[in-house]
Every structure is written in C-alpha cells, then in structure tokens.
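Heads up: the structure comes next, in structure tokens.
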Amino acid sequence: MIEKINHLKEKIETYNISNSEMLENYRLKFLSKKGELTELFDAFKLISGAEKKHIGQQLNNVRQEIENKFNEAKEKFSTSTKKSNLISDLSLPISAFKIGSSHPITNVKNEILQIFESIGFSVAKGPEIEDDWHNFSALNFPENHPARDMQDTFFIDSTSSEKYALRTHTSSVQVRLMENSKPPIRALMPGRVYRNEAISARSNCFFHQVEGLYIDEAVSFADLKQTLYFFVSQFFGEREIRFRPSYFPFTEPSAEMDIYLGTATEQDYRLTKGTGWLEILGCGMVDPNVLLNCKIDPEKYSGYAFGMGIDRITMLKYGIKDIRQMFENDIKFLEQF
Ligand code: DAH
C-alpha cells in the first residue's frame, strides 16, 4: 500500500500541467470518483491493524498534494486569461471617463434659486410625505375642497389616526417654515410634488415646484409684483407679463401670472393654446387665516407667496415637447444639457 502511495506521489510531482485541457485531464485522472486517489481510498477501507493509522496519514498527505497542485494550476490559468486582457503598455493615455451631466430640471431650478438668492431669499426644504395639516388644513383648504379628493392626491395607507399623503404642492413647506421661524421670513422652497393625474405629454403624476414666501411688516401686493417682474426679466429677458385674478384657499387676493411668448412656437408646442400667453405661476397675499394657523399675528404681519412649476419652464427653455422625456433616463437625451 505504501508503495502504491509513493508511486502516486511521484506521478503527481512529475505530471506537467500547462494549459486548461491538461488541468481537466489531471482532475479526471487523480481527483474524480474514478480517479487513482479514490481507488487507493477504497483499498484502504479493507486494511486493518496497526499500520492503518500510518497509511491513513500518508493517504491524506498525498490527497493534499494532489489538491494543492490542482488549485495552483487553476489559479494560474485563470490569471493568465485575465492578464491577456490587460493593456501591456502602461504609458498609453487612458480613455476619458464618461461623467454625467446635470438634469435640465436641476439647471432651471438652480437658475431660479440664484435669481431670488441675489435679492435676499434663502432656501428651505420640507418632506415629500406630508400630513393633512401641512398640505391642506393649515393652508385654509375647507374640509370638502376637491383638491383633497382621491383623484388628485396620493394618500398613504397609515395605521395611525393621522392622514398622510404625498405632498400635492410645495406650499406645505411655507407652513412648516412659518411654524418654525419668526418674521421676517424670505425664502424659496423647491421640491418635487405628486398628483394623481392622467399622464400625458403635458402632465405627469409628479413634477417640480418652487415656492416663494415673504412675511414681514407692511408687505404689499406691489412688492410681490415687483419681485416677480424682476424674476421674469432675469430669467426670460424683457417680456410682457400680466396678472389675472384667481383663487387659492391660502391667498387673498390671489392671482396667476402669465408671460407673453407670442404664437411663433405654437404649432410646435401648443403651449399657449393660440393666445401667445403662458401661465407660469400662482401667487397672492398670504391669507390671514394661514398666518393665524402658523401663530403669526396678521395684525402685525402680512406677506406674499407664489408657486411656480419648474417642469413647464424647463420645457419652454429647452424646447422639450414631452414632459415624459425628462424622466426616462435616456442618456442620449440627458447628455444634451
Ligand atoms: N400651490 C399652488 C399649486 O400647486 C401654487 C401656488 C399658488 C402657490 C399661489 C402659492 C400661491 O404660494 O400663493 O397650484
């Protein structure tokens, strides 16, 4: 038996493995179920007596040797295939890294923030999952207001008595800000909002808004108008604008602001529905009820607020015809910005 083991040892030591095919032959010959090692182990089972222990040790040694040689060779062949893929000339210049670009919505958002920051606005943020109070009640939405309806709002299943929803507008951040700070407050609040709407080229179930809020003593509608004039002149250049009376539960009086684009691009984007005017934001004087809800004295303070959609302005700026394109993550589209 010992002789046979020694013989196998010799064979292993002299066995030459120089490619993967030989490695497989080696495995079959020595390591497989029908291989020489198994044969010896089978014979070993029949041995009894004092030598059994010694022979067992020798057998285990040879098995270890066989396996070591197999593993070493395996390693060598796998690394040699890796090596062949490596660039052999390390002085060659590397190919340029592909870096991402900022999203068109991010560009426009930053541009808007910058304009308002230049006249003293700071930036605030709030949560996208919002409770009923901040999204609706504090903003003076009556209990049965249609905007609370399931059709517009994505409610969140909750086991608590508090109702939660994905915020439908960034106006909820106004409330948080007024609750947590003292006037004067002059802030811009950008963020993503969600509405349960049919998806089309012009509307999506989520989009982006920037909210503006200024609360101080003796703030007037004239302040609001001048601030928005300034914004339009900086962002769009000298454009005609108009304010139309409107209604929002949280402002009184309320207005919507349109800018005049003309009808030249009309066939392309059907943006202005043939009128040349495009609505870009809602605004107004903060309703005294909202101030009261946020523990701000409406006798002492007044303020204005506005909210604009970033997506539409982005589409306008870059001539993007379908809102959905901005969220498909198509690299060919995104690389253009
Ligand atoms: N929250 C309104 C919306 O999503 C937009 C808005 C209108 C915001 C008037 C305001 C405002 O702050 O004063 O349609």
Side-chain angles (χ1 to χ4, degrees), residues 109 112-113 116 121-128 130 132-142 145-149 151-154 165-179 183 185-197 202-216 219-228 231-232 241-259 278-291 293-294 296 298 301-313 323:
K109 179 193 79 182
I112 295 171
L113 294 186
F116 283 98
F121 281 74
S122 55
V123 177
K125 285 193 177 140
E128 289 184 15
E130 198 46 284
D132 185 86
W133 170 256
H134 291 95
N135 198 75
F136 296 125
S137 298
L139 287 164
N140 206 29
F141 277 83
H145 195 281
R148 293 181 178 222
D149 207 328
Q151 306 225 311
D152 293 312
T153 308
F154 288 113
L166 293 176
R167 69 178 174 199
T168 58
H169 53 182
T170 43
S171 303
S172 56
V173 192
Q174 280 187 34
V175 178
R176 290 187 174 271
L177 201 60
M178 287 189 276
E179 282 174 340
I185 300 169
R186 199 191 275 130
L188 229 55
M189 295 144 267
R192 185 174 277 194
V193 301
Y194 302 82
R195 286 197 204 160
N196 195 358
E197 276 179 20
R202 282 169 60 87
S203 66
N204 204 359
C205 54
F206 65 86
F207 51 98
H208 302 78
Q209 291 187 329
V210 178
E211 193 81 13
L213 177 72
Y214 177 38
I215 309 280
D216 204 346
V219 177
S220 71
F221 201 91
D223 296 324
L224 169 64
K225 272 178 116 172
Q226 284 310 318
T227 308
L228 293 177
F231 164 70
V232 170
I241 63 176
R242 70 179 184 192
F243 287 82
R244 279 178 296 106
S246 184
Y247 170 78
F248 300 102
F250 38 92
T251 44
E252 181 58 36
S254 304
E256 278 168 302
M257 191 181 84
D258 303 337
I259 61 170
L278 180 78
E279 181 218 317
I280 62 161
L281 58 85
C283 60
M285 300 306 292
V286 179
D287 194 293
N289 283 339
V290 176
L291 295 176
N293 286 338
C294 301
I296 291 177
Y301 294 106
S302 57
Y304 64 69
F306 57 86
M308 62 181 113
I310 308 181
D311 305 53
R312 232 217 250 172
I313 297 178
I323 193 168

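Start at 1 and go down the list; that is how both ligands and their atoms are numbered.
The aromatic rings of Y304 and F121 are tilted relative to each other, their planes meeting at an angle between 30° and 60°. Ring planes of F231 and F116: parallel class, angle under 30° (limits at 30 and 60°).
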Need the list: ligand 1 N/O atoms against protein N/O atoms, distance under 3.5 Å, rounded to one decimal.
unit_1, atom_1, unit_2, atom_2, d
ligand 1, 1 (N), H169, ND1, 3.0
ligand 1, 1 (N), S171, OG, 3.0
ligand 1, 4 (O), R195, NH2, 2.8
ligand 1, 4 (O), Q209, NE2, 2.9
ligand 1, 12 (O), Q174, NE2, 3.0
ligand 1, 12 (O), E211, OE2, 2.5
ligand 1, 12 (O), F306, N, 3.4
ligand 1, 12 (O), F306, O, 3.4
ligand 1, 13 (O), A305, O, 3.1

Report all side-chain donor-acceptor pairs from residues 249-257 shorter than 3.5 Å, counting only partners two or more places apart or in another chain.
unit_1, atom_1, unit_2, atom_2, d
T251, OG1, S254, OG, 2.7
S254, OG, F248, N, 3.3
S254, OG, T251, O, 2.8
E256, OE1, R244, NH1, 3.3
E256, OE1, S246, OG, 3.2

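At least one donor-acceptor pair closer than 3.5 Å links the side chain of R312 to the backbone N or O of E279.
Comment: R202 does not engage E197 in a salt bridge, judged by the lack of any side-chain N to carboxylate O separation of less than 4.0 angstrom.
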Can you list the steps and then say if L166 with F206 is a side chain to side chain contact (heavy atoms under 4.5 Å, CB included)? CA-CA 10 Å; L166 293 176; F206 65 86; over 6 Å; no
